[in-house]
There are 2 protein chains.
Amino acid sequence: MVARKVKLSDVARRAGVSPATVSRAISQPDLLSAATLKRVRAAAQALGYVPDGAARALASGRSMTIGAIVPTLDSTIFARFLQSLQSTLARDGYQLLVASHEMNPAAETEAVRMLLARGADGLILVGADRPRSTLDLLRTGSAPVVLTWCGAPDFACVTVDNERAGYLAAQHLVELGHARIGMVTGRLSFNDRQRARLAGARQAMREAGHEIPDWRVNEQDLSLAGGRIGCAALLQLDTPPTAIIGTIDLLAIACLQEARARRLTVPTDLSIVGIDDVDMSAYLTPSLTTVHIPTGRIGQMAAEMVVSLLENGEAQTHVDLPIELVVRRSTARAGGKA
Amino acid sequence: MVARKVKLSDVARRAGVSPATVSRAISQPDLLSAATLKRVRAAAQALGYVPDGAARALASGRSMTIGAIVPTLDSTIFARFLQSLQSTLARDGYQLLVASHEMNPAAETEAVRMLLARGADGLILVGADRPRSTLDLLRTGSAPVVLTWCGAPDFACVTVDNERAGYLAAQHLVELGHARIGMVTGRLSFNDRQRARLAGARQAMREAGHEIPDWRVNEQDLSLAGGRIGCAALLQLDTPPTAIIGTIDLLAIACLQEARARRLTVPTDLSIVGIDDVDMSAYLTPSLTTVHIPTGRIGQMAAEMVVSLLENGEAQTHVDLPIELVVRRSTARAGGKA
DNA sequence: TTGTAGGCGTTATCAG
DNA sequence: CTGATAACGCCTACAA
């Protein structure tokens, strides 16, 4: 719309130095004398110079951009995760390029390809459950990759023990005397987090001499609507569970709402446990007993990991963040007494 | 890690054609004969060729990347907004580059500069309230800009009448006989959406012969914690309001929780109205009366607008999306009777 | 500390 | 329909 683009050489001419000097002024200021640096900066300022990222990327081989692929952007969890990634990366001068796959493996592969094509210097993905072809693409790519939540042995990753999360949730219920517990989970395919949480809960019950039969596990969309449907289905069984675990807080919150809609009192009539510990959970009435997952930390660590992988070449490549049960008011002893 | 990068010319050699032909095979397939096209594609496939975005961007002047700057990623609203932007842009082959400013004007300016430097072909921002210098930077930049939620006359924008949103919320309360209403708002500076919603509510009250004095307006962080604090403050006034408007659902939901914590029954003892109509609002007990804002549509339209600005040069540059009051169970006649 | 020169991988303009 | 041949704007040895 306005004057044609100001380029490096324009600044150089204005400052009376060579293009190389201007280039250095941007990327390696220390190599210049204070005087010239100042002069170059003044010239750049005056001309309103903005370096061309594409050209820099092409010449230097680095785009200062990190790609992140999440299942969906429309989720409390991933929103916080991205916020955390974004702010941490920004500190190091990197920009975040985001993509989502909406639970479609092919879309994820496509996203990886696109991000790589866009020149992302590094990639951050969620989970490790994806087609071998995608994994190969990731390994082949020259960009460092960091997996989050769930990891794979041959990839750098920032994990959380999802199986243990499910275990802790169920164990808590066992300790309260519950033997018949139901679960509302998200879709299990292409989602290792969900599978692990379910498996962990089953493990805890098994160790206590109980089981969670398939018909007490209800697979739903990860939404409030899904949670309510799943909860309703479990409550309508001939022998309804005395407690329900939602594999993510959103689902558990929906269960809380469904229970209330059915005039059941939580936790007296029904205990409910979630996993994640989102903000909302602490503020509900009754507040939700859940397993805390350090979502923000996962993002921060993942960001720091790609950056250090990128800049130091090396880095600790396996971090497992601690999780813990947070007992609040949505759980009580089986049998009705709080 | 592996073989050095496969480039255009490698594919060309393998396919026995010139580099130019390979380039066309990617960007203008129609110009090639079916036979050569097929041959080139096979070669590219075999070599695992991935075009270099930086080089393409440098040579073509377009990065196929759109930058979006939101106040924060960590919000239901903006998460949905971004999701919508992302999926719409993806359809046209664009990638989303995101940044957030956490309510810091300077950070936003910095983000604009960075996004422009990264070669974003277009920019999507939230609101129109920012320093003149940033506006100038936006105008100067050669990239089309689309403002969302609130607009400015000389920018393309996808808006929603925030003032009317506040107006509708208050008007509904007036019709229910409420004269003393309180408001819990977010920080008003650097946030035209909040100011407009507050102003609209005041306008509605004024027209009804009432006022919303400053001391019945409580400015808080846009969080559940903020909402509860704000609600508590209003309820502790000598003459507490009979109804409260939260300028975003999150705040209103927090008010609902605070009211319950104080053993107040909503809507009998206190009516509460929100603005946004997030998913959760419909599922709460009582469900939240609120003003529906088509968040997803805003994102979709904004995305379509940048793209058409980019590709057709022209486009409708001012779209105002309709909003409407959604009456649910959190409001009732003043005086206690539902 | 600063200048020179060649190249990064594609696209685009022109011929053929 | 396809092939040469310049740019594109910046970085980076290498030289001074």
Side-chain angles (χ1 to χ4, degrees), chain A residues 3-41 43-44 47-65 93 114 116-121 141-143, chain B residues 3-41 43-44 47-65 93 116-121 142-143:
Chain A
R4 101 178 178 305
K5 191 158 191 171
V6 184
K7 51 176 79 167
L8 193 68
S9 56
D10 297 325
V11 179
R13 195 170 329 114
R14 175 78 130 82
V17 297
S18 78
T21 301
V22 179
S23 174
R24 291 188 184 103
I26 327 180
S27 23
Q28 318 174 48
D30 325 326
L31 298 188
L32 298 189
S33 74
T36 46
L37 180 56
K38 188 174 171 189
R39 199 139 43 84
V40 172
R41 288 207 164 135
L47 267 43
Y49 171 67
V50 178
D52 179 325
R56 300 188 71 180
L58 179 57
S60 69
R62 318 195 340 129
S63 67
M64 295 306 278
T65 267
M114 174 152 288
L116 249 22
R118 288 276 184 294
D121 290 336
S142 44
Chain B
R4 102 177 176 306
K5 191 160 192 173
V6 185
K7 52 177 78 167
L8 193 67
S9 56
D10 297 324
V11 179
R13 194 171 328 114
R14 175 78 127 85
V17 297
S18 78
T21 301
V22 179
S23 173
R24 291 189 185 101
I26 326 181
S27 23
Q28 317 173 50
D30 324 325
L31 299 187
L32 296 189
S33 74
T36 45
L37 181 56
K38 188 173 169 189
R39 199 142 42 84
V40 172
R41 287 206 166 135
L47 267 44
Y49 170 66
V50 178
D52 179 325
R56 300 188 72 179
L58 179 57
S60 71
R62 318 194 341 129
S63 66
M64 294 307 280
T65 268
L116 249 22
R118 287 277 184 293
D121 291 336
S142 44

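Reckoned from all heavy atoms, side chains included, excluding hydrogens, waters and symmetry mates. Just so we're on the same page: letters track the sequence lines, and every chain starts at 1.
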Exercise for the section: State whether Thr21(A) places a side-chain N or O below 4.0 Å from either non-bridging phosphate oxygen (OP1 or OP2) of dT2(C). Expected result: no

Handout entry: Separation of dC1(D) C1' from Arg39(B) CZ (nearest whole Å)
Key = 12 Å

Problem - Qualifying residues under salt bridge (Lys or Arg N to Asp or Glu O under 4.0 Å), relative to Asp52(A), sequence neighbours excluded - result: Lys5(A)

Handout entry: Residue pair Tyr49(B) / Ile26(B): nearest heavy atoms and the distance that separates them
Key = CE2-CD1, 3.9 Å

Exercise for the section: Considering only NZ, NE, NH1 and NH2 on the basic side and carboxylate oxygens on the acidic side, decide whether Asp10(B) and Arg13(B) come within less than 4.0 Å. Expected result: yes

Practice task
Would you please name every residue forming a side chain to side chain donor-acceptor pair (under 3.5 Å) with Ser27(A), sequence neighbours left out?
Solution key: none

Practice task
Mark yes or no for whether Arg118(A), through its side chain, and Gly53(B), through its backbone, hold a donor-acceptor pair below 3.5 Å.
Solution key: no

Problem - Footprint string (nucleotides 6-13 of chain C, 5' to 3'): B base within contact, S backbone only, - free, heavy atoms under 4.0 Å - result: -BBBBBBB

